[in-house]
Amino acid sequence: QDSGTGARTRAMLLLDYVALEKTPLPAVAEDSVSIKQIEDKSLLNILELFNSSEKQCFIAIDKANSYSSGHGVPSILYETRVIELSEGHELYGRAWNKKMR
């Protein structure tokens, strides 16, 4: 009965997971724009589900420290990261949103 954005996004991620597991699809990619719509606890459960897959799962997450588990960032976000971008550590060495001189 929940027709909210978070519930629909949660359902979409679960559909993506089922498609990944039940088809020859080799990988799935999820973007931070949709992930932001899901409540923290549900998102962390979904991340655990994706982490259990034998296939590749690429998930972009903005502001990992905003997802708290107790008093800190959930370990799954640190243990499974491949790349972490931050100020001074931009992809390709520069920020895309700053004017070049």
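Every value quoted in this text rests on a predicted model; they were computed, and no experiment measured them.
- Rounding to the nearest 0.5 Å places OG of Ser75 at 9.5 Å from CG of Leu44.
- In plain terms, the two heavy atoms of Ala60 and Ile35 that are nearest each other are O-CD1, 3.9 Å.
- Judged as a side chain to side chain contact (heavy atoms under 4.5 Å, CB included), and not counting sequence neighbours, the contacts of Ala27 are Gln56, Phe58.
- Between the NZ atom of Lys36 and the CD1 atom of Ile61 there is a distance of 11.0 Å, given to the nearest 0.5 Å.
- In terms of modelled atom types and a separation under 3.5 Å, the side chain of Ser34 and the main chain of Asp31 share a donor-acceptor contact.
- Here the straight-line distance linking atom CD of Glu30 with atom CD1 of Ile38 works out to 8.5 Å at 0.5 Å rounding.
- Using a 4.5 Å heavy-atom threshold, the side chains of Ile59 and Thr80 count as separate.
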Acceptor/donor pairs from residues 6-19 side chains to any protein atom, 3.5 angstrom cut, sequence neighbours excluded:
{"from": "Arg8", "atom 1": "NE", "to": "Ser3", "atom 2": "O", "distance (Å)": "3.1"}
{"from": "Thr9", "atom 1": "OG1", "to": "Thr5", "atom 2": "O", "distance (Å)": "2.8"}

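- Under the 4.5 Å side-chain criterion, counting only non-hydrogen atoms from C-beta, Cys57 is not in contact with Asn51.
- Proximity of Glu48 to Ile76: side-chain heavy atoms (C-beta onward) are separated by under 4.5 Å at one or more points.
- Side-chain contact between Pro26 and Lys55 is absent, with no heavy atoms from C-beta onward closer than 4.5 Å.
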